[in-house]
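The block underneath contains the structure these notes are about, expressed in structure tokens.
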Amino acid sequence: MRYVSTRGDAPVLEFGDVLLRGLAADGGLYVPDDYPHLPELAPDASYAHVATALLAPYTAPSLLRDELAPMVEEAYATFRHPDVCPVTPLDDDLHLLELFWGPTIAFKDVALQLVGRLFDHELTRREERATIVVATSGDTGSAAIEACRGRHHLQIVVLHPAGRVSDVQRRQMTTVDEPNVHNVAVEGTFDDCQDAVKAMFADPTFRTEIGLSAMNSINWARVMAQTVYYTTAARTVGRGEPVGFSVPTGNFGNVLAGWVARRTGTPISQLVVASNRNDILTRWLADGVMERHGVVPTHSPSMDIEISSNAERLIYELYERNPALVVDRLQEFAATGRVELGDARRSVVGEVFDGASVDDEGTLAEIRRTYEATGVILDPHTAVGVSAARARRRDRDVPMVCLATAHPAKFPDAVEAAIGIRPELPAHLADLFDLPERFETLPNDLDRLKAHVRSVTSR
Ligand SMILES: *Cc1c(COP(=O)(O)O)cnc(C)c1O
């Protein structure tokens with residue numbers, strides 16, 4: 001498999017380079033030059049077995065199936081459910097795909113538990129070391145830390161905005177006691193943290209000096225790993241017949257993985273893009289116009305995003321893989337904050353995608369409604385997806401799978417506001433509030449932050 005950039009002006013690479021590089025040199029995103037077809041799978045194949053079969057075509061020739069298989073086994077052995085990503089019924093032939101059985105109880109573990117191992121393997125093979133620097137508003141930081149902890153070829157530095165992440169989220173990061181894990185509370189906002197990381201990447205001397213690398217959601221390896229549960233869930237629920245999916249969406253990585261699963265032959269009839277009030281994608285799907293309105297905070301903070309980077313991969317396909325047209329559209333959007341898709345492309349998108357936006361009130365109402373009807377407690381992100389599924393489902397005879405992207409205990413305030421119950425953390429996190437925290441607090445000053453990253457990575 002070879003990978004090309006959506007902007008057409010970066011070297012064609014194999015998997016190992018795409019993994020470590022993340023973003024392409026021309027600012028584009030790497031995509032496979034062709035999509036493989038779904039392999040034959042035994043009816044009783046385990047999650048890890050399906051994952052290896054599906055992912056091996058993407059990792060060859062950098063990484064062969066025999067090397068990939070043990071990493072996949074190990075990654076999914078960290079999940080606390082034998083099915084890894086189990087499916088449970090709700091009401092009305094809706095189903096929940098539970099993606100929160102990994103170490104940090106949110107769906108980013110599904111990709112990152114594997115990606116951490118892939119990084120370590122590739123770096124060991126090259127006899128190199130890397131420093132991962134991550135900016136987080138909550139979930140990504142802890143999932144990346146769990147992916148990297150104790151791996152000898154990796155150091156990880158996570159910047160979070162001081163006082164602006166929830167106690168559970170902060171403690172999931174700062175109570176990890178490993179010499180290669182470094183947390184920084186930046187006296188600023190999430191955007192300040194992200195700008196600092198971007199500035200570090202933009203400094204070639206610094207980048208080389210510390211071996212700077214990223215595991216962010218534009219990394220192809222993350223998208224690839226997320227395609228697997230669409231296939232396993234469709235097999236469980238649809239048994240060969242088409243199913244729909246509803247996906248709580250922020251950066252578009254998760255729902256794009258659904259599109260890839262469909263492209264490779266998984267029978268998916270509908271993909272509902274579920275947004276909170278930050279609805280740039282749902283407006284784009286409804287009227288073909290992508291236009292910025294600014295970000296507002298909601299009960300589902302991991303979806304409070306305006307620029308959904310992974311949408312570029314879908315745009316590339318809509319423009320028949322013509323990078324010149326992609327670059328044109330992106331420049332127009334950057335210059336004017338607005339871009340139109342055109343009727344022909346809108347109808348292509350509309351074949352499978354629908355969008356729905358759910359506000360905070362609707363989110364709490366859905367947590368209540370589902371709890372009263374089924375006894376199941378949804379987290380606010382999942383509730384956005386379930387509500388959107390009820391609103392946008394095209395065919396009552398086709399089952400619909402709603403992606404449950406976080407455990408309700410990760411967002412106890414919203415759940416309590418909805419149903420008066422404070423969900424308890426699972427047993428493996430029960431001592432989270434007793435463990436000591438380790439982090440530095442630093443001013444929002446790029447030179448100070450760089451000096452800190454340099455000092456911890458040279459230890
Ligand atoms: C990251 C995240 C999302 C959004 O996923 P994208 O791939 O960015 O669209 C939704 N829910 C939760 C709980 C998340 O952590």
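Read the numbers this way: they start at 1 and go in the same order the structure lists the ligands and their atoms. Residue numbers start at 1 and run along the sequence shown.
Below 30°, between 30° and 60°, or above 60°: for Tyr229 and Phe107 the angle between ring planes is above 60°, a perpendicular geometry. Relative ring orientation between His407 and Phe100 is described as perpendicular, the plane-to-plane angle rising above 60° on a 0-90° scale split at 30° and 60°. Aromatic ring orientation, Tyr3 versus Trp220: tilted (interplanar angle from 30° to 60°).
When the ring-ring contact (aromatic ring centres under 6.0 Å, His included) test is applied to Trp284, no partner is found at least two apart in sequence or on another chain.
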Starting from the N and O atoms of ligand 1, find every protein N or O within less than 3.5 Å and list the pair with its distance.
unit_1: ligand 1; atom_1: 7 (O); unit_2: Gly253; atom_2: N; d: 3.3
unit_1: ligand 1; atom_1: 7 (O); unit_2: Asn254; atom_2: N; d: 3.0
unit_1: ligand 1; atom_1: 8 (O); unit_2: Asn251; atom_2: N; d: 2.7
unit_1: ligand 1; atom_1: 9 (O); unit_2: Gly250; atom_2: N; d: 2.8
unit_1: ligand 1; atom_1: 9 (O); unit_2: Asn251; atom_2: N; d: 3.1
unit_1: ligand 1; atom_1: 9 (O); unit_2: Phe252; atom_2: N; d: 3.0
unit_1: ligand 1; atom_1: 11 (N); unit_2: Thr405; atom_2: OG1; d: 2.9
unit_1: ligand 1; atom_1: 15 (O); unit_2: Lys108; atom_2: NZ; d: 2.6
unit_1: ligand 1; atom_1: 15 (O); unit_2: Asp139; atom_2: OD2; d: 2.7

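When only modelled atom types and interatomic distance are considered, Gln113 and Arg117 share a side-chain donor-acceptor pair under 3.5 Å.
Remark: Leu432 CG to Gln172 CD distance equals 6.0 Å, nearest 0.5 Å.
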